[in-house]
Number of protein chains: 2
Amino acid sequence: MKAVENSKTRGPLLSERLTTSGLRLTRQREQVYRVLLQKRDHPTADEVFLRAKRQMPDISLATVYNCLDALVQCGLVRHVHPGRGGSRFCPNMREHCHFYCEACGGVFDIDWPADHGGVPMPKGFEAKRYEIAIRGVCPDCGARPGHGAPPG
Amino acid sequence: MKAVENSKTRGPLLSERLTTSGLRLTRQREQVYRVLLQKRDHPTADEVFLRAKRQMPDISLATVYNCLDALVQCGLVRHVHPGRGGSRFCPNMREHCHFYCEACGGVFDIDWPADHGGVPMPKGFEAKRYEIAIRGVCPDCGARPGHGAPPG
DNA sequence: TTTCTAATTGGAATTATTCTAGGTTTTGAC
DNA sequence: GTCAAAACCTAGAATAATTCCAATTAGAAA
Ligand SMILES: [Mn+2]
Ligand SMILES: [Mn+2]
Ligand SMILES: [Zn+2]
Ligand SMILES: [Zn+2]
């Protein structure tokens, strides 16, 4: 039985995207990508490592960092920078911004309307991409004030 | 001769802002704030430390971190998170966003038009503040391609 | 299949930041 | 002014996140 790419868990592109970027398809890269697609909660590298180890006990943290880097390089994953704590990773490549809940530390994708228009750049500045961070309180934490687990 | 507050280098508010936040005015906090106002290039904590030491050789790095924290707490300084490398500090409290030059690593203030409108939030999300990062190439690096010093 | 090179691995190293414990300064009550 | 309490500063240790390194393994082109 030939393995068929399942876009639900693996995404349709991994093998192609890697090779067109001059990178190889490896078990570890598949596993790291699978982990990211399975639970889209913007895990840290260390969280990805813990989840990946469940099915691949010998994978190393250094490899997880390498794989995440490869996935970012070939355009399948975003590297997200939440200020405090380690950076996080997101397999949603649609244009969106990130909401950081100050009560529970959760990270949420927020749609970013296509008509954003951007910010007018002063002469000479060449903007390649925008990253919008929104800090506040998520629905769950807003509903039960004082009960949000502190971030970290 | 009574010392007069010089708003060019010290800003008009340090003493007041600290005390209204329940914090004390100290030599070290003055010095750290002075350093930030003198060269507004978004230095890292370590860069602030090096600059502050020139006039106050006994100041410690831990104190610089503490002072920066106090200045952020009392609303005189912004804590800026550029993804890679250490976080940076900015005494410009007007609404603005940050341009990160991918060639030289420089950080620049970009005015953020007042009519930005914000991003429409899904039900339940309470947005407290926005942070916009723009990545690209600054005027200097755009003018001499290939000559921008690599960031770091 | 062979060969070449990219990728993986564990551990050490580096970087950025926070913590700790002890000494100093400021503040405010007396 | 004197004194105690609280805030602050300091050096160095500790922690957290990430990168580097040298040796092995494994993908894929020929
Ligand atoms: Mn996301
Ligand atoms: Mn700024
Ligand atoms: Zn929350
Ligand atoms: Zn530049």
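Labels below follow one simple rule: chain letters A, B, ... track the order of the sequence lines, proteins then strands, and each chain is numbered from 1.
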If the condition is ring pair (Phe, Tyr, Trp, His ring centres under 6.0 Å), which residues does [X] pass it with, not counting sequence neighbours?
X      : answer
B:F108 : A:F125
A:H42  : A:H98
B:Y100 : none

Ordered by number, residues from residues 47-68 of chain B within less than 4.0 Å of DNA chain C (heavy atoms) are B:L61, B:A62, B:Y65
Are B:L36 and B:I59 grouped together when hydrophobic residues (ILVMFWY) are joined by side-chain heavy atoms under 4.5 angstrom apart? yes
So if I define the base as every atom that isn't primed, P, OP1 or OP2, how would nucleotides 25-30 of chain D read as a B/S/- string at a heavy-atom cutoff under 4.0 Å? --BS--
Assuming nearest nucleotide by heavy-atom distance, tell me which of B:R84 and B:G22 is located more 5' along DNA chain D. B:G22
Consider side chain to side chain donor-acceptor pair (under 3.5 Å). Of B:R29, B:R34, B:Q28, which one does B:Q31 pass it with? B:R34
When the distance from [atom1] of [X] to [atom2] of [N] is rounded to whole Å, what number comes out?
X     : N      : atom1 : atom2 : value
A:H79 : D:dT18 : NE2   : P     : 6 Å
A:Q73 : C:dA7  : CD    : C1'   : 13 Å
A:D69 : D:dA17 : CG    : C1'   : 15 Å
A:L14 : C:dA7  : CG    : C1'   : 14 Å

Using a cut-off of 4.0 Å on non-hydrogen atoms, how would the nucleic acid contact of A:S87 be classed: base, sugar-phosphate, or nothing? sugar-phosphate
What are the two closest heavy atoms between B:A70 and B:L23, and how far apart are they? O-CD1, 3.9 Å
Do A:L68 and A:V32 have side chains that approach each other closer than 4.5 Å (heavy atoms only, starting at C-beta)? yes
Would you say A:K128 and B:V137 make side-chain contact, with heavy atoms under 4.5 Å? yes
Let's go through B:L76 and B:Y33 carefully: what are the C-alpha distance in whole Å and the side-chain angles of both, what is the deciding distance for side-chain contact (heavy atoms from CB on, under 4.5 Å) to 0.1 Å, and is it a yes or a no? CA-CA 9 Å; B:L76 287 173; B:Y33 192 39; 3.7 Å; yes
Electrostatic pair B:R129-A:E102, nearest N-O below 4.0 angstrom: yes
Using five pairs at each end of the helix from C:dT1-D:dA30 to C:dC30-D:dG1 to define an axis, what is the angle between those two axes, to 10°? 40°
Modelled atom types, side-chain donor and acceptor of A:H96 and A:D109, under 3.5 Å: yes
Please determine whether a side-chain nitrogen or oxygen atom of B:R29 lies at a distance below 4.0 Å from atom OP1 or OP2 of C:dT26. no
